[in-house]
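Note sheet for the following structure.
In listed order, ligands and their atoms are each counted from 1.
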Amino acid sequence: MRRSLVVGNWKMNGTRASTELLAKGIIAGLGSDIGDCAVCVPYVFLAEIGEIIKNSPLALGAQNVADKASGAYTGEVSASMLNEFGCRYALVGHSERRTYYGDTNLSVAERFCQAQTQNIIPILCIGETLDQREQEQTFSVVEEQLDAVIELAGINAFNAAVIAYEPVWAIGTGKTASDEQAQEVHQHIRAYIAGKDQTIADKIQILYGGSAKPDNAKGLFAMPDIDGGLIGGASLDADSFLKIYQSIKQ
Ligand code: PEP
């Protein structure tokens with residue numbers, strides 16, 4: 001039985017004060033819950049949020065990680081730095097990084113490997129654009145995105161990784177994939193991994209991301225290959241995020 005996981009992606013939102021309140025609100029709502037729940041916070045707030053969530057069930061994550069270990073890479077943040085601040089997770093390959101900042105399948109694979117050198121669990125984000133879906137390329141796109149990582153890191157690296165299927169057309173748009181649309185791709189991703197290693201496929205957590213909200217999360221999470229969610233907009237409100245988190249347990 002796979003554990004479920006719900007991860008908030010705060011993106012480039014909030015202030016010191018508002019993110020502190022948000023973290024405290026989420027922790028208060030989680031109580032002593034031991035399900036898996038994390039927030040990926042802006043780099044500059046890692047230290048502060050890390051202190052607030054220390055000794056709570058909420059885990060800390062970053063929204064990206066450098067593709068190199070250290071050196072003259074102005075503006076980048078390395079995996080060892082994230083490790084120093086207690087990050088358990090790092091997103092890699094989020095579609096906003098791929099679209100606006102030129103992250104490629106190869107650089108995403110390098111980021112994935114860098115995270116693992118520091119025992120940080122990479123959350124590998126994959127998914128197709130609307131155009132690619134309309135051209136019926138969804139499966140080949142996600143396979144290509146997976147292959148880049150499998151080639152560089154090896155399939156065994158997926159023993160300590162999470163996959164997030166995020167159809168690009170559903171991110172921040174209010175258009176959620178239907179339960180069946182999401183399940184179809186999740187099932188394909190799991191089968192593709194199973195073709196390389198059945199044990200890993202059975203245990204890897206595959207999250208859905210893309211306009212997930214309290215009112216649609218329950219249906220999505222009820223699908224057999226959806227193990228949780230990567231939540232953007234709705235994670236900026238403690239009540240909404242907690243409702244989504246609770247709906248996975250129902
Ligand atoms: C995301 O950014 O990963 C995401 C899923 O965003 P939203 O929930 O706002 O669509």
Side-chain angles (χ1 to χ4, degrees), residues 4-14 18-19 22 26 36-43 45 49 58-65 87-103 108 111-112 115 120-130 132-133 138 141-142 145-146 149 161-179 181-183 185-186 189 205-221 223 225-248:
S4 55
L5 173 65
V6 176
V7 180
N9 173 15
W10 292 353
K11 311 195 186 192
M12 195 174 72
N13 290 299
S18 71
T19 52
L22 179 54
I26 295 170
D36 289 341
C37 191
V39 284
C40 293
V41 315
Y43 287 141
F45 300 144
I49 302 297
L58 187 60
L60 189 64
Q63 298 174 14
N64 195 12
V65 57
C87 282
R88 177 167 166 76
Y89 297 100
L91 303 181
V92 297
H94 190 281
S95 72
E96 286 151 15
R97 300 293 322 170
R98 294 179 190 259
T99 305
Y100 306 134
Y101 300 99
D103 289 12
V108 170
R111 292 169 204 278
F112 179 106
I120 293 169
I121 300 171
I123 301 176
L124 172 64
C125 303
I126 58 176
E128 81 289 0
T129 62
L130 184 58
Q132 289 165 332
R133 172 162 282 263
T138 300
V141 168
V142 296
Q145 291 169 329
L146 287 170
V149 180
V162 172
I163 295 171
Y165 168 59
E166 299 207 299
V168 180
W169 49 271
I171 297 179
T173 58
K175 285 185 202 150
T176 321
S178 69
D179 303 344
Q181 274 176 323
Q183 165 60 19
V185 186
H186 278 240
I189 292 168
Q205 291 164 315
I206 309 180
L207 313 183
Y208 169 79
S211 297
K213 297 193 178 56
D215 59 359
N216 59 25
K218 201 171 165 193
L220 287 161
F221 293 165
M223 294 288 118
D225 288 295
I226 300 183
D227 305 312
L230 178 55
I231 317 298
S235 73
L236 295 172
D237 176 80
D239 278 351
S240 299
F241 186 62
L242 287 162
K243 278 189 187 133
I244 293 172
Y245 173 76
Q246 296 300 343
S247 63
I248 203 159

Any idea how Tyr165 and His186 line up, ring-wise: parallel (<30°), tilted (30 to 60°), or perpendicular (>60°)?
perpendicular
Determine whether any heavy atom of Ser211 lies closer than 4.0 Å to an atom of ligand 1.
yes
Identity of the nearest option to atom 1 (C) of ligand 1, non-hydrogen atoms only, from His94, Lys213, Glu96
His94
Distance-only N or O hit between ligand 1 and Gly209, under 3.5 Å:
no
What closest approach, in Å, do Ile248 and Gly228 show between heavy atoms, and which atom pair accounts for it?
CD1-CA, 3.3 Å
Give a yes or no on whether a salt bridge exists between Asp103 and Arg111, defined as a side-chain N under 4.0 angstrom from a carboxylate O.
yes
Test item: His94 and Asn64 side chains (from C-beta on) under 4.5 Å apart, heavy atoms
no
Any nitrogen or oxygen of Gly233, main chain or side chain, under 3.5 Å from a nitrogen or oxygen of ligand 1?
yes
Is Gly210 close to ligand 1, meaning an N/O of one under 3.5 Å from an N/O of the other?
no
Proximity of Leu230 to ligand 1 by residue part, where a heavy atom lies under 4.0 Å:
both
What's the spacing between Ile121 CD1 and Leu5 CG if we round to 0.5 Å?
8.5 Å
Answer with yes or no whether Ala170 contacts ligand 1, where contact means a heavy atom under 4.0 Å from a ligand atom.
yes
